[in-house]
Amino acid sequence: MSRQTIYFDHNATTALCPEARQAMLPFFEGEFGNPSSYHHLGRKARASLQASRYGLADIFNCGPGEVVFTSGGTEANNMALRGAAAALRRRGRHIIVSAIEHHSVLKTAEALAASGYDVTFAPVDDQGVVDPQRVAAATRPDTILISVMSANNETGALQPVHELGKLSRRQGIVFHTDAVQAFGKIDLGTVFEWADLVTLASHKIYGPAGAGALLVRNGTPLASVITGGHHERGLRGGTENIAAIAGFAAASLQAVAGLDEKAARIGSLRDRFEARLLEDISGICINSRDARRVHNTSNICFEGVESESVLLHLDLLGICASAGSACTTGEPGPSHVLRAMGLSNMQAQGALRFSLGRSTTAEEVDTVAAALAGIVEKLRSLSSL
Amino acid sequence: MSRQTIYFDHNATTALCPEARQAMLPFFEGEFGNPSSYHHLGRKARASLQASRYGLADIFNCGPGEVVFTSGGTEANNMALRGAAAALRRRGRHIIVSAIEHHSVLKTAEALAASGYDVTFAPVDDQGVVDPQRVAAATRPDTILISVMSANNETGALQPVHELGKLSRRQGIVFHTDAVQAFGKIDLGTVFEWADLVTLASHKIYGPAGAGALLVRNGTPLASVITGGHHERGLRGGTENIAAIAGFAAASLQAVAGLDEKAARIGSLRDRFEARLLEDISGICINSRDARRVHNTSNICFEGVESESVLLHLDLLGICASAGSACTTGEPGPSHVLRAMGLSNMQAQGALRFSLGRSTTAEEVDTVAAALAGIVEKLRSLSSL
Amino acid sequence: MQSEDTDEHCPEDLSADEPAPGEQPPEEPVLFYNETVIDHFTSPRNVGEIDNPDGFALVGDPACGDQMKLWIRVEGGYILDIKFKSFGCPGAIATSSMATMLAMGMHIDDARLLTDDDVVRALGGIPANKEHCSLMGVGALHAAIRDYEQRSSKKL
Amino acid sequence: MQSEDTDEHCPEDLSADEPAPGEQPPEEPVLFYNETVIDHFTSPRNVGEIDNPDGFALVGDPACGDQMKLWIRVEGGYILDIKFKSFGCPGAIATSSMATMLAMGMHIDDARLLTDDDVVRALGGIPANKEHCSLMGVGALHAAIRDYEQRSSKKL
Ligand SMILES: Cc1ncc(COP(=O)(O)O)c(C=O)c1O
Ligand SMILES: Cc1ncc(COP(=O)(O)O)c(C=O)c1O
């Protein structure tokens, strides 16, 4: 990095924490065994895998066998939706997902719709929050699966997943929650009280890319979608990436350690950031401001400017942020999340996401706020609107 | 490792080569960007991903867009079979796979069979080689996909994939080859002359676990099986594991550098190993001995002994080998590959796989051969047969 | 591998926006836009409005992405002044800026012949998926010239 | 989440062979078998055959995995000698060895009461997925005792 980088894009991915790095390095030296191998190198790998599994199980108060490691959040979401849909297809074909899910859920739901399932996309209110009543009203006797994320990646809005999960359980419907953006931000220690399937991703919690997990509550019907050897109890074939999994487990421990304290510290920086912007820049609007949100995320519409132009100016100053979610770089068009909240195309087009993290300082917050004020003024001065 | 380890299990997994490790380390320090992010950290990640992609493309003389990165070999095999089957389901439902495929192909074919496809399992001869005539005879107007591995993981036997690929292309059938065990052992520089889909795995070629690729020849119909963002041209969602991918690309370069020389050196060690065993131990049989085999693999039946007992004795001496494939540790019962070759259950049960690698020395070969002679004698002396 | 099936996802354009095999990928990660584009984006030329212009155009729809306004002053068939304002992405701003720079001082008969390619070339290229943005600057210029001609013919 | 569907892969035994949550995983990677099992595998006790035995049994099928032969010499109802040979996995060899050690010198009425659990306990446990191997040693012992009794009753 040539200049001082300010990283306000922690919802896209995070830097590896030292504990995770430390946990991974042995596997890049001598300990390269395949956990399926009989010999001592294999057993060592197996022991590491088991230790990682127990680490996760401990955090989520579940059985080690309920932790199914995957290559990441997207795969876990696919496994949850495709796997439950396939396992339950004789019981029914109706699936409900919220309109603001991550593409790894939305596109998978669309793929299921194309292959004979019936999918309802549950709407959100103007704060980007799913209305449980609307979901309840949408359930049918043939509803087999409901999937609603715990926290939205673009706005940070927390969803009523406890309520939705309990509603699902009462009706014998499998409930999946994509907790990728919630893990390490809210307490998920009792997640199996309301959810059957829970998606996690390592690289969002200061762990390495290449690992994630689907927590599968015992007894939840689930077909394997990546078939092969008897890995992960037959639910996910493939030689396990024990280095990434060990890093993920180490990062998970850090993610839940002192959670409240971290949330309070980062949350107050986020609030300071928003207060500064509201003070210094006219015509802005904080999305999901009235919703309960995770502590690190600010999604802001700047009237009369186009978000890519802001992003590029920020980038030239070494400031990392994003427009909508990182995954939408390849996808033109305004955010489906903001559109679902009722924002116009033009409003959505001026939206930026700032996601703070462990390394964020008050100084950085002030620097970014000041930079934004200048950039928005400059762009507005040449705007044709 | 407490004692001197002799690793004769390179077909299960390999140690990371220094070049791969070197390529990965930067990502565990500052360069943690998400390739989908707009800012400079994202671009840096994107550039690395692109460099890896070009590296692979160069080796296989294909377009960079024809390289689709996956989390490993199993996922790539699933993508090939499930993806092609879904894309072509209106054209036909008949699929041919060989009886000696890796479980990631076999179990996937079985899953497809359970969901309405018609699967033919092509037999092999007593040398473990698929007969192209039998495959040709099995094709039908509704045959959409043929999948035959390039080299078998248990016996090392090379399969007539050129012939099968050309036969498929003449008939407009998609041809997939699992080249996981062939890459780095035989030249695959012109693989697209006969194959449409090619599976590769990083951890078998001295790269890290967590990366693999499906090479997809332009124009090959393929549906996405892990849906999400627009990663990998929409064929594979999920934040890319750029560290593992960079390690994979670096390892791939090493895998093809000086291939003939390495093959000759390791091949002569393998031949020495087999000669020693034949000399010192009676009642043994080298499987696929008369087939063309990759240079590093010896699969040997020891009459009258059970393979796990041999493995444990070897392990107590620090010698790593395997019975059948590593993936079968969780799976009891004799190898499906040896059974398909016509070996009896009892013969198959006495089979061991020794897979040599870059680090193998003549001294190690002699040590293992001598150890085996002693172990087999000891076990036979207490055998009830 | 041809097919008539509608359900086939056939990624035939797999390598569309990537260089051909054999070409070297950039050694150092580059900015999405080149330096000239960045320069025109951060310091756009000819920004502003012209009071009582001889020609004016409004192109694009802000709801769909970009919008641009362009003013020209014409004397003796020559574009003596040109100004623009733009709501849009960096590509739109930079191509608009470059289009006005190219057109400044030109005879309208020559300016009419300016193409998107001229603008892109003058900028040293823009990313493939941003090429549609380049349509705006030249499109607005041509529209402003048409507007000038209509006004002139009415005056006659 | 109950279901009658046959196509549901319902991994209800997900944590079957793993300790309950909260239990600590082993710090150091352990051998698949414990040291006692390894000892009985590498140095099996009572290996061999007995000429003119009082009881003999052949159990298991080598084609399905393991096979074992067991000989006993009985005097006054006591097992004075016992020998075995085994074709099989380490678990089969070790449990056979331990079964013969336990039975050696026992009265056949007591030996008849020996169970697989006794053998497994004496070995300090064997891996869950290897427990079926422990059936062989005790099974062969019981069969040899039955054989002894048949021969004795014939002699009467
Ligand atoms: C021939 C073959 N195909 C596929 C695989 C699966 O690869 P991975 O373990 O990377 O999923 C293996 C190795 O396990 C293999 O030997
Ligand atoms: C809410 C949410 N779900 C799923 C994912 C996908 O995770 P991954 O990138 O690990 O595939 C992401 C991040 O991209 C996310 O923010």
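The structure displayed is predicted, hence computed values, not measured ones. What's counted below: heavy atoms across the whole structure, side chains too, no hydrogens, waters or symmetry copies. First the proteins, then the strands, lettered A, B, ... as listed; each starts at 1.
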> Rounded to the nearest 0.5 Å, what separation is found between the NE2 atom of A/His203 and the CD1 atom of B/Ile242?
Replying inline: 11.0 Å
>> Given heavy-atom pairs under 4.5 angstrom as the criterion, report whether the side chain, backbone, both or neither of A/Met79 touches chain B.
In response: neither
> Nearest 0.5 Å, what's the CG-CG distance between B/Leu41 and A/Asp315?
Replying inline: 9.0 Å
> Quick one: are A/Asp9 and B/Tyr38 in side-chain contact, heavy atoms under 4.5 Å?
Replying inline: no
> Is there a side-chain contact between B/Thr227 and A/Glu110 (heavy atoms, below 4.5 Å)?
Replying inline: no
> At a heavy-atom separation under 4.5 Å, does A/Glu240 approach chain B through its side chain, its backbone, both, or neither?
Replying inline: backbone
>> Counting only non-hydrogen atoms closer than 4.5 Å, does A/Val105 touch chain B with its backbone (N, CA, C, O), its side chain (CB onward), both, or neither?
In response: neither
>> What residues of residues 69-78 of chain B make heavy-atom contacts with chain A at a cutoff under 4.5 angstrom?
In response: B/Ser71, B/Thr74, B/Glu75, B/Asn78
>> Which residue in the set B/Phe32, B/Phe27, B/Phe28 passes side-chain contact (heavy atoms from CB on, under 4.5 Å) when paired with A/Leu16?
In response: B/Phe28
>> I need the B/His103 NE2 to A/His231 NE2 distance, nearest 0.5 Å.
In response: 10.5 Å
> With only heavy atoms counted, which part of A/Ala321 is less than 4.5 Å from chain B, the side chain, the backbone, both or neither?
Replying inline: backbone
>> Whether the B/Thr5 and A/His39 side chains hold a donor-acceptor pair (N or O, under 3.5 Å, no angle test) is what I'd like checked.
In response: no
>> For B/Ala15, which atoms come within 4.5 Å of any heavy atom of chain A: side chain, backbone, both, or neither?
In response: both
> Listed by chain and number, what are the side chain to side chain donor-acceptor pair (under 3.5 Å) partners of B/Asn241, not counting sequence neighbours?
Replying inline: none
>> Counting heavy-atom pairs under 4.5 Å with chain A, which one of B/Leu106, B/Leu81, B/Ile226 comes out on top?
In response: B/Ile226
> For the atom pair CZ (B/Arg82) and CZ (A/Arg82), what is the distance rounded to the nearest 0.5 Å?
Replying inline: 9.5 Å
> Any side-chain heavy atom of A/Arg21 within less than 4.5 Å of one from B/Glu29?
Replying inline: yes
> Under the 3.5 angstrom rule, does the side chain of A/Asn34 hit a backbone N or O of B/Thr13 as a donor-acceptor pair?
Replying inline: no
> Once you round to the nearest 0.5 Å, how far does CG of B/Leu314 lie from NE2 of A/His40?
Replying inline: 12.0 Å
>> Any heavy-atom pair between the side chains of B/Leu25 and A/Leu25 that's under 4.5 Å?
In response: yes
>> Please identify, among B/Cys320, B/Gly210, B/Gly238, the residue contributing the most non-hydrogen atom pairs under 4.5 Å to chain A.
In response: B/Cys320
